[in-house]
Amino acid sequence: RIMPEIPGCQTTYELVKEGSGATVGKGATVTVHATGVVKQTGKKFWSTKDPGQQPFTYQAGVGKVITGWDQGCLGMKIGEVRKLDIPAKEGYGDGGFPAWGIPPGGGLLFEIEVLSIQ
């Protein structure tokens, strides 16, 4: 079930699996598994679970990743899995990301699993 919009964002999420313990807060260093799909085409453009890939680490809530991801992961707990539905304006915008097959104005679907929080 899609949850209400995240405050101040148009990104929505679905809770796939509950987590526990620490939560993702602004400024935390977070390591995740992530799989991204273009909403319009269903085409996967990136996954940390693919051969040769590793979990992704970023600093949360400070604009180091696209807005929908940044805001959509706040409050997640270790082991939690969310599916984010990110509109283009909170993803790669009107320009898209052609190198990854993300069209101009393309919406994104990300499945995110929190592995660690520091």
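- One hydrophobic cluster holds both I78 and V24 under the rule that ILVMFWY side chains link at heavy-atom gaps under 4.5 Å.
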With side-chain contact (heavy atoms from CB on, under 4.5 Å) as the criterion, how do F110 and I86 come out once you've worked through the C-alpha distance, each side chain's angles and the decisive distance to 0.1 Å?
CA-CA 8 Å; F110 266 103; I86 303 174; 3.8 Å; yes
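- Considering CD of Q71 and OG1 of T11, their distance stands at 8.5 Å, rounded to 0.5 Å.
- Taken to the nearest 0.5 Å, the CD1 atom of I102 stands 9.0 Å off from the NZ atom of K43.
- Under the 4.5 Å side-chain heavy-atom criterion for ILVMFWY residues, a single connected hydrophobic cluster contains both V114 and L74.
- Atom CG of D70 sits about 11.0 Å away from atom CG of L84, to the nearest 0.5 Å.
- Expressed to the nearest 0.5 Å, how far CD1 of I66 lies from CZ of F97 amounts to 10.5 Å.
- When atom types are taken as modelled, the side chain of Q118 and the backbone of V30 share no donor-acceptor pair closer than 3.5 angstrom.
- Using modelled atom types, no side-chain atom of E90 and backbone atom of T67 make a donor-acceptor pair closer than 3.5 Å.
- Distance alone, capped at 3.5 Å, places no donor-acceptor pair between the E18 side chain and the E80 backbone.
- In this structure, Y92 has its ring center at least 6.0 angstrom away from the ring center of F45.
- Judged by distance alone, the side chain of R82 and the main-chain N or O of G72 form a donor-acceptor pair under 3.5 Å.
- Closest approach of Q10 and P87 over heavy atoms only: CB-CG, 3.7 Å.
- Under the 4.5 Å side-chain heavy-atom criterion for grouping Ile, Leu, Val, Met, Phe, Trp and Tyr, I112 is not connected to V37 through any hydrophobic cluster.
- Taking all atoms of both residues into account, the shortest heavy-atom contact from A28 to I117 is CB-CG2, 4.0 Å.
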Less than 3.5 Å apart, which donor and acceptor atoms pair up between the side chains of residues 55-63 and the rest of the protein, not counting sequence neighbours?
from	atom 1	to	atom 2	distance (Å)
T57	OG1	T31	OG1	2.7
Y58	OH	W69	NE1	3.3

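- Every side chain to side chain donor-acceptor pair (under 3.5 Å) that K39 has, sequence neighbours left out, goes to D85.
- V32 and V81 are members of different hydrophobic clusters when ILVMFWY side chains are connected at heavy-atom separations under 4.5 Å.
- Of all heavy-atom pairs between P103 and G101, the closest is CD-O, 3.4 Å.
- How far CG of L109 is from CD of Q40: 8.5 Å, rounded to the nearest 0.5 Å.
- Considering only residues two or more places apart in sequence or on other chains, T23 meets the side chain to side chain donor-acceptor pair (under 3.5 Å) condition with none of them.
- When the side chain to side chain donor-acceptor pair (under 3.5 Å) test is applied to T48, the partners found at least two apart in sequence or on another chain are H33.
- Taking T41 as the reference, nothing meets the side chain to side chain donor-acceptor pair (under 3.5 Å) condition, with sequence neighbours excluded.
- Counting only residues at least two apart or in different chains, side chain to side chain donor-acceptor pair (under 3.5 Å) contacts with residues 94-115 are absent.
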